[in-house]
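For reference, the structure is listed below as structure tokens.
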2 protein chains.
Amino acid sequence: MDMKNITLTDIAQELNLSRSTIDRVLNDRGNVAVDTKKRVLRYINELGYKPNRAAKHLAKRTNCSIGVSYYLPNEFALQINRGINTVYEELSNYGLNVLIRAADSPEEQLLQIKEMSEQIDALALAVWEPDLVGDLVNDLIDDGLPVATFNRDLPDSERLFYFGCNYFESGQVCGGIIEKITSKPGKIAIINNHDILGEYRAKGFKSVLSDNFQYDIIGPYEICEEFEVEGSINEKVIEDIQSIIKDNPDLVAIYVANQTLCAAGKAVELLGKQGEIKLVGFDLYEQTVSLIEKDIIQAVVCQEPFNQGYYPIKILFELIAEGKEIEKSKFITRLEIVMKENLRYYHNYDYIK
Amino acid sequence: MDMKNITLTDIAQELNLSRSTIDRVLNDRGNVAVDTKKRVLRYINELGYKPNRAAKHLAKRTNCSIGVSYYLPNEFALQINRGINTVYEELSNYGLNVLIRAADSPEEQLLQIKEMSEQIDALALAVWEPDLVGDLVNDLIDDGLPVATFNRDLPDSERLFYFGCNYFESGQVCGGIIEKITSKPGKIAIINNHDILGEYRAKGFKSVLSDNFQYDIIGPYEICEEFEVEGSINEKVIEDIQSIIKDNPDLVAIYVANQTLCAAGKAVELLGKQGEIKLVGFDLYEQTVSLIEKDIIQAVVCQEPFNQGYYPIKILFELIAEGKEIEKSKFITRLEIVMKENLRYYHNYDYIK
DNA sequence: TTGTAGGCGTTATCAC
DNA sequence: GTGATAACGCCTACAA
């Protein structure tokens, strides 16, 4: 119960050396005789000595500013911010500082990254259009700035790691759900963006359903809602989806792979087709909630938005402040199935705190 | 970027007092003149001063042993242990110590709790049969030992908090899933335990399906598998479930509310009814996995087993070591829907190591 | 190549 | 009531 921990001083005394020498060995600061080093290392291994984190932080008085830049749908950003706030609260008195820049356009994001790059020790990044910022990011990395991506990766860059979902598999999950909940044969429409990630989501979806002869997959239709969906939904978008429904009387399901799910819900509702046409898509927005409750949307697949804010920063901080190595180049978030019955656990739900 | 944090010493200097006095005010140690106290408190509020956690831990050299006692299905315990190990790694060099006692029977659990109660500063508890240990726990609490429950609550005791799922709602989620994936009308069998939690799960299930006239709910059948399911499954249990299936040709689904799900899967498989009879239940064991992959079990509802090991200990530690207040008397875990497609994210999945 | 000394921001133990 | 002073375990000069 009262097992005293071994300290650096203990080791120094035991080996008749000074604390600094032990410190030099432990932190690879050089200037230690090979023999001494070996002796210390062996002894340390035997003991299973672990440095005291509190003391380390206190002595180093680390001070590390991490920048976050994203261009993402507003409501998704909100959930990510919650994760950022939490990690800030946990680590701010260990010296963490966070700068958040939310962009309203890819161009603005470029400027924001450039601007804050001077003041930060690391950068966490979610970019919608890789082509625009790719060069800048590579320059920053070449200059020695540690960069990580979240939500959307920059696979061609030298970023340290990506933290987010697997888009292909996210499509598969939706495919599996639709297959399970659709009772009659017919057509299934895909709505998505024609960017690379939208296509992964379509491919994943098809990989599950292509063997199933009772369904005929139509689309993909490129219909896309704005990022700033708050109250009002783009009428044109709803109309476009309504015409798909009207043109295909044997439509049994719609799979929405982008942020247009609410609009699709409205379209289904306006035509009185709820329940008849199954609706499945991604992410949980304020507007999605009531559509799920009304059984217009049957299921939604989420990707741990909170953790997408929380972990990238935590990992970067531990890298910079504690020299902890990064264990993976891809941290893939869980794909969470949310339906009416477990909805409340995924919408503004902080069971801790 | 380099914003120096305010320290206790800063405050002392500014107010022409010693650090000790500030410390007395901050930690309510008494022996401070009322006026001085007021003056200090006001100034601290203005500044928004936050004590440095690292320094605090270092100076206090806290040493806190938390005991964990549970009597639970083996494989579930395994997942909980992972959470315990993680929190131990995070906090052991802040002075956390953990004692785990896994019981093989309620009687053994009673003894184990009694035995370790002398050596611990707090206790986290999961008990299957409240009646047996209830008195002991209340005695311990009266003696001043902080006790928390996880997975299964002791609602009549004075435990500090419960960390686990809502059993009624977990039944609802299964009801919702079965309603969505079952395409034809018929009978649905419930298998559960006749304890209070098993009944909550049955009630929650019925609350969703009772309005639906196409289903006829039969049971509950009290059939129960042992805790030590490893490779071999109780033949008798499988036979019992097979007879239910044989006796009810129009059975469209089975809802298993206890740890008998795998046995039910075997029964369905042996009779060649996979896909025809939908199968839904709780928790993810090694044996469940292959049954889900083979489409014999359509979905499983999980309850964050990792976090059930992680958080109770973390919360108790923060209470004891940092005097942090406990914010709720119930921390309700998410109900996670796991199907074939997102299975890999819930089975031995540590995306963060 | 090694050692010494002082400090990080708290808490704890004395004196006054 | 209040204030010195020495820890806690580690890091960082600087000296030897």
Side-chain angles (χ1 to χ4, degrees), chain A residues 2-41 44 47-64 91-96 320-324, chain B residues 2-41 44 47-64 91-96 320-324:
Chain A
D2 215 66
M3 14 170 56
K4 191 179 159 284
N5 272 317
I6 310 132
T7 75
L8 201 146
T9 314
D10 296 339
I11 298 171
Q13 275 176 352
E14 194 59 43
L15 297 180
N16 274 321
L17 288 165
S18 75
R19 292 174 312 188
S20 354
T21 304
I22 314 296
D23 175 68
R24 284 188 195 101
V25 174
L26 278 167
N27 298 289
D28 255 327
R29 298 191 214 281
N31 279 328
V32 182
V34 194
D35 279 357
T36 322
K37 185 167 177 178
K38 272 188 192 161
R39 204 155 61 96
V40 173
L41 280 179
I44 282 171
L47 286 175
Y49 162 81
K50 276 185 179 183
N52 181 310
R53 252 179 100 190
K56 217 164 181 164
H57 274 294
L58 189 55
K60 283 185 94 165
R61 39 193 180 291
T62 48
N63 199 288
C64 154
L91 298 179
S92 65
N93 52 18
Y94 291 154
L96 170 66
I320 293 177
E322 305 178 347
K324 194 173 164 193
Chain B
D2 216 65
M3 14 171 55
K4 190 177 160 289
N5 272 319
I6 308 132
T7 76
L8 201 147
T9 314
D10 295 339
I11 297 170
Q13 277 176 351
E14 194 60 40
L15 297 180
N16 274 321
L17 288 165
S18 74
R19 291 176 311 190
S20 328
T21 304
I22 313 296
D23 176 64
R24 284 187 194 99
V25 174
L26 278 168
N27 298 290
D28 254 328
R29 297 190 213 282
N31 279 329
V32 182
V34 193
D35 279 358
T36 322
K37 186 168 176 177
K38 271 188 193 159
R39 204 155 60 95
V40 173
L41 281 179
I44 282 170
L47 286 175
Y49 160 82
K50 277 186 177 181
N52 180 310
R53 255 179 96 190
K56 218 166 179 160
H57 275 294
L58 190 57
K60 283 186 95 163
R61 39 197 173 290
T62 49
N63 200 287
C64 155
L91 298 178
S92 66
N93 52 18
Y94 291 156
L96 169 65
I320 294 177
E322 305 178 347
K324 193 173 162 191

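Proteins come first, then strands; the chains are lettered A, B, ... in the order of their sequence lines, and each starts at number 1.
Classification of B:K60 and B:E322 as a salt-bridged pair fails, no side-chain N sitting under 4.0 Å from a carboxylate O. In this structure, B:D28 pairs ionically with B:K37, as a charged nitrogen and a carboxylate oxygen lie closer than 4.0 Å.
The side chain of B:A59 sits closest to D:dC8 out of D:dC8, D:dA4, D:dA6. Proximity note for B:A33 (side chain, C-beta onward) versus C:dG9, D:dT2, C:dT1: the nearest is D:dT2. For B:L58, counting side-chain heavy atoms from C-beta on, the closest listed nucleotide (D:dC10, D:dC8, C:dT10) is D:dC8. Closest to the side chain of B:S20, out of D:dT2, D:dT12, D:dA4, is D:dA4. Between C:dG3, C:dG9, D:dC10, one nucleotide has an atom nearer to the side chain of A:Y49 than all others, and that is D:dC10.
For A:R61 and C:dG7, a side-chain-to-base donor-acceptor distance below 3.5 Å is absent, hydrogens and geometry of angles not being considered. Looking at B:R53, its side chain has no donor and acceptor atom pair within 3.5 Å of the base of C:dG9.
OP1 or OP2 of D:dG3 has at least one side-chain nitrogen or oxygen of B:T21 nearer than 4.0 Å. Considering only side-chain N and O atoms, A:T7 lies nowhere under 4.0 angstrom from the phosphate OP1 or OP2 of D:dC8. Between A:N27 and D:dC11 there is a side-chain N or O to OP1 or OP2 distance below 4.0 Å.
A straight line from CG of B:N52 to P of D:dC8 spans 18 Å, rounded to a whole angstrom. Taking atom CZ of residue B:R24 and atom C1' of nucleotide C:dT13, one finds them 11 Å apart after rounding to whole Å. The interatomic distance linking B:N63 (CG) with C:dA12 (P) rounds to 14 Å, in whole Å. Protein atom CG of A:L26 is 16 Å distant from nucleotide atom C1' of C:dT2, rounded to whole Å. Taking atom CG of A:N16 as the reference point, atom P of C:dG3 lies 9 Å away to the nearest angstrom. Between B:R19 atom CZ and D:dA4 atom C1' the separation is 9 Å, expressed in whole Å. The NZ atom of A:K56 sits 19 Å away from the P atom of C:dG9 (whole-angstrom rounding). Between the CG atom of B:N93 and the P atom of D:dC10 there is a distance of 9 Å, given to the nearest Å.
Not a single donor-acceptor pair under 3.5 Å links the side chain of A:R24 to the backbone N or O of A:I22. Formation of a donor-acceptor pair under 3.5 Å by the A:N27 side chain with backbone atoms of A:R29 is not found in this model.
Within 4.0 Å (heavy atoms only), A:L8 reaches sugar-phosphate atoms of the nucleic acid but no base atom. When heavy atoms are screened at a 4.0 angstrom cut-off, A:D23 is found touching base atoms of the nucleic acid. Here B:R29 lies in heavy-atom contact (under 4.0 Å) with sugar-phosphate atoms only. Within 4.0 Å of B:N31, counting heavy atoms only, lies at least one base atom of the nucleic acid.
Contact check for A:T7 versus A:N52: no side-chain heavy atoms found under the 4.5 Å cut-off.
Using bins of under 30°, 30° to 60° and over 60° for the plane-to-plane angle, the ring pair B:Y94/B:H57 lands in the parallel bin.
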